[in-house]
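Structure first, commentary second.
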Amino acid sequence: MDKIKVGVFGIGRGTYIAKDFALAGCEVVAACDCAPDLERNVGYVKELEKLGAKLYRDFDEFIEHGMDAVILANAFHEHAPYAIKCMEKGIHVYSECISNGTMAEGVELIRAFEKSNVVYLLAENYPQMKLNREIQRVCKSGTLGKVLFAEGEYNHPHDYTVDWIQKDLFYYEKHWRNYIPRTYYITHSLGPLMCATGATPKKVSAFATFAPPEGEGVITADNTGDRAAIIMTYNDDESIYRVTACSAFGGQANSYRICGTTGEICNIRGSMAEKILRRHGSWCCPEGLASETIYEPAWNDPDEELIWQSGHGGGDFITARMFINCIKEGKQPEHPFDIYGGVTMSSVGILAWRSVLNGGEVIEIPDFRKEEDRKKYENDRLTPFWSFDGTVPPTLPCCSHPDYKVDPVHLENYRKVMSK
Amino acid sequence: MEKIRIGIFGVGRGTGIGKNFQMADCEIVAICDTNQTHIKYARDAFGEDIKVYDKFDDFINHDMDAVVLTNSFHEHAPYAIKCFEKGLHVYSECISNGTMAEGVELIRAFEKSNVVYMLAENYPQMKHNIEMRRLVKGGTLGKILYAEGEYNHPGPDNDVPGMREITYFEKHWRNWLPRTYYITHSLGPVMRITGATPKKVVAFASFAPPPDGPDAVSATRVGDRVGVITTQNDDGSVFRVTGCAKFGGGHHNFTRICGTDGQVENFRGSLGAKLLLRYDPHTKPEGKARETIYEPEWEDQDEDLILQSGHGGGDYISARMFVDAIKEGRQPEHPFDIYSAVAMSSVAILGHRSVLAGGKVFDIPDFRKEEDCKLYENDRLTPFWSFDGTVAPTLPCCSHPDYAPSETMLKNYREKVDGCK
């Protein structure tokens with residue numbers, strides 16, 4: 001088979017992903033970025049040129065370049081419209097998270113997908129971390145019994161007094177990160193659980209905890225005064241998940257835990273994060289296994305050397321490989337990386353936010369395979385974000401305290417840093 | 001001061017508690033129970049001469065200062081009220097009230113009395129929980145955002161010896177106990193550590209009944225294995241707790257506290273006595289490591305007595321707390337006081353309503369406010385049989401309301417367990 005030709009849209013994050021596709025034997029033929037200027041991304045432009053990509057500044061021109069697949073790594077909340085354009089052109093889609101920024105986009109995405117003949121994969125990479133692959137393996141072995149409860153946490157606090165973080169990640173006032181509610185960045189927590197257990201959320205309820213940064217040295221334009229949302233879902237297999245989206249508790253960690261009727265497994269937070277703690281009651285312990293083990297799993301993967309070169313604990317390469325295999329084999333990815341899993345995850349993030357704004361109200365997660373569910377949301381375009389070009393304002397608060405605005409002193413500090 | 005004189009109502013659990021009061025220099029003067037096995041435990045502990053009553057109304061006329069209520073889990077409130085009316089201090093096992101109406105009645109009766117009331121929730125007094133409270137009060141974790149509490153107490157299915165010990169008749173409250181009700185071992189520690197009180201509750205339950213088969217033995221009407229409960233609290237923080245859960249990983253008690261600057265938790269499993277305390281590079285206190293794993297010390301003058309006590313030392317410390325409150329003429333601290341106790345019961349009871357209503361959110365009432373009392377003063381819905389077995393439940397105890405053990409399971413239970421005590 002000829003090498004798969006790949007284009008990348010959004011060259012900040014996209015360049016890293018493109019390199020993984022090159023590692024996996026693809027040809028990176030085109031790249032596109034619509035940012036007003038590319039000065040901050042000059043390094044990425046050079047790397048893409050080295051890979052052989054032609055640079056575009058207009059998406060509609062970009063997708064006319066002869067390609068088999070497109071990596072969508074543009075703004076977090078704006079993947080869906082571009083995915084639809086790709087689908088209409090018969091181009092396979094590898095979409096960064098989240099799949100859709102509004103519920104209406106989720107409906108449109110599914111409808112467009114069902115008319116197309118392309119592969120769609122949600123590029124959620126945390127399930128492919130070594131610890132999560134091990135948790136999946138143990139869960140799928142059945143030794144944990146029926147899954148009752150699972151937890152996923154992507155805890156990523158940062159120092160609000162450091163200027164380079166603002167320049168790197170929050171680099172203009174209307175940037176989506178300055179408006180992202182604490183339930184939206186959910187796939188790093190939810191994806192690994194859905195992958196391990198196979199379940200799909202059907203209901204969601206969430207509470208947020210409000211604690212804006214304090215102190216005169218704080219540099220921020222962030223309108224999200226919350227630090228975390230605690231999200232509970234009730235799932236199609238009657239299990240329960242407790243997840244965060246990107247939370248900001250003190251003590252950074254990714255942590256996951258699965259509890260079943262005959263055992264439980266989790267990774268240990270902190271410096272032992274690569275270690276797994278697996279426990280079984282003495283009466284239900286699998287033969288040959290101790291009732292408690294603490295161990296670091298191995299990769300057990302033929303591409304281990306390539307994985308080591310990849311980002312996000314190896315997850316980036318494995319996710320790229322998954323997509324390539326789907327294209328070669330003419331099939332959709334497995335749950336929850338397929339479009340239905342992707343849109344479900346987005347729905348949990350979006351509707352959990354509605355739950356927060358309504359005092360924890362429980363909300364049903366739609367199944368967009370069903371037309372009656374699509375009808376309910378086909379016009380629901382509520383969004384907490386500005387459009388990427390900064391012309392269309394939010395229509396939803398991004399904070400559990402809707403009147404909260406970033407402290408003027410903090411905003412002034414931010415503006416000074418950005419002007420340098 | 002003369003020794004505080006204590007009577008115990010329900011000497012199954014109560015005998016163990018009574019021994020802790022003896023360690024705290026109290027005198028056990030009377031007991032009340034009808035179960036001969038339990039009465040024997042008590043006589044072995046307190047002497048053959050201990051005064052034994054079989055009727056509560058006679059028992060509370062015995063000359064004493066305080067009563068320990070360790071009767072059925074869901075029936076403490078009516079007896080607490082009788083004690084208030086007699087001017088007797090009350091040390092009540094969990095939960096404080098089995099129905100919302102009882103919670104209203106309990107508070108109203110308490111406010112007319114002049115006694116000390118304490119909820120005997122002992123898990124906050126475990127060493128790891130005391131240490132977490134010290135850390136929170138020290139301020140290095142920052143503003144508390146989120147806390148977790150978990151009481152996981154699984155066991156094998158068809159455990160006939162276990163059933164003969166603790167669920168020994170078909171209408172026993174444990175056979176009808178919804179998975180959110182036994183909440184205080186999870187909720188008590190996080191309330192104690194953070195000082196917060198829940199204001200809203202949402203809960204879901206996960207259904208996985210014991211497997212059926214020709215040798216299966218069960219009378220439980222609760223097919224759920226866990227109730228997972230989240231609360232939003234008066235300080236803006238969020239709790240995630242369980243009732244008594246039945247995950248298959250083995251017994252554990254787990255607490256975790258997350259603040260803006262750091263977090264602390266104990267380990268599950270064999271490392272459970274150790275704490276994991278973590279900060280970020282920009283928030284770690286000066287001179288401290290970013291991460292520490294350690295086993296805390298008791299640092300308590302009564303360590304010798306604590307080590308002899310049950311529930312990781314919690315039983316003695318809880319008894320001592322009650323004794324000190326009586327001597328000093330004050331109520332216990334949050335969350336052992338009556339208002340917090342009733343709030344914990346409300347979380348449990350309304351958590352189950354949330355389960356039955358598919359995760360509907362419920363406000364937790366404050367029974368200091370008459371308008372909140374009015375909302376619940378006639379709410380007597382209960383998933384339990386009365387202890388005497390004459391009054392039936394008025395609420396399903398399972399997320400699947402039609403769940404019941406099979407005829408085979410019940411037949412085996414009736415043959416091997418029912419009425420053995």
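In the text below, chain A, chain B and the rest are named by the order of the sequence lines, each starting its count at 1. When reading the values below, keep in mind they use all heavy atoms of this one structure, side chains included, and skip hydrogens, waters and symmetry mates.
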Practice prompt. Taking only Lys NZ, Arg NE, NH1 and NH2, and the carboxylate oxygens of Asp or Glu, determine whether A/Glu264 and B/Arg225 approach each other closer than 4.0 Å.
Written response: no

Worksheet item: Is there any residue in residues 132-147 of chain B with a non-hydrogen atom under 4.5 Å from a non-hydrogen atom of chain A, and which ones are they?
Response: B/Lys143, B/Leu145, B/Tyr146

Worksheet item: Do you know which of A/Gly260, A/Ser355, A/Cys284 has the most heavy-atom pairs under 4.5 Å to chain B?
Response: A/Gly260

Item to complete: Measure distances from A/Asn155 to the heavy atoms of chain B and classify the residue's part below 4.5 Å as side chain, backbone, both or neither.
Response: side chain

Worksheet item: Can you tell which of A/Ser239, A/Ala211, A/Gly251 has the highest number of heavy-atom pairs within less than 4.5 Å of chain B?
Response: A/Gly251

Worksheet item: Hey, is the main chain of B/Ser206 close enough, under 3.5 Å, to the side chain of A/Glu238 for a donor-acceptor pair?
Response: no

Discussion item. Between A/Asp159, A/Thr262, A/Val162, who has the most heavy-atom pairs with chain B when the cutoff is under 4.5 Å?
Written reply: A/Asp159

Worksheet entry | Residues in side-chain contact (heavy atoms from CB on, under 4.5 Å) contact with B/Glu291, at least two apart in sequence or another chain | A/Ser271, B/Leu276, B/Arg278, B/Ile293

Discussion item. Any heavy-atom pair between the side chains of A/Ile268 and B/Phe267 that's under 4.5 Å?
Written reply: yes

Worksheet entry | Structural part of B/Asn152 lying under 4.5 Å from a heavy atom of chain A | side chain

Discussion item. Which one wins on heavy-atom pair count under 4.5 Å against chain B: A/Met232, A/Gln252, A/His280?
Written reply: A/Met232

Worksheet item: Applying a criterion of heavy atom separation less than 4.5 Å, what residues of residues 285-292 of chain A form contacts with chain B?
Response: A/Glu292

Response to the item:
Filtered by a 4.5 Å non-hydrogen cutoff, the part of residues 238-251 of chain B contacting chain A is B/Val238, B/Arg240, B/Lys246, B/Phe247, B/Gly248, B/Gly249, B/Gly250, B/His251

Worksheet item: Looking at A/Glu364, A/Met272, A/Arg242, A/His158, which one has more heavy-atom pairs under 4.5 Å with chain B than the rest?
Response: A/Arg242

Discussion item. One thing to verify: whether B/Lys360 and A/Glu361 come together as a salt bridge, which I'm taking to mean a side-chain N less than 4.0 angstrom from a carboxylate O.
Written reply: no

Practice prompt. Look only at the side chain of B/Asp261 and the backbone of A/Gly250, and say whether a donor-acceptor pair between them is shorter than 3.5 Å.
Written response: no

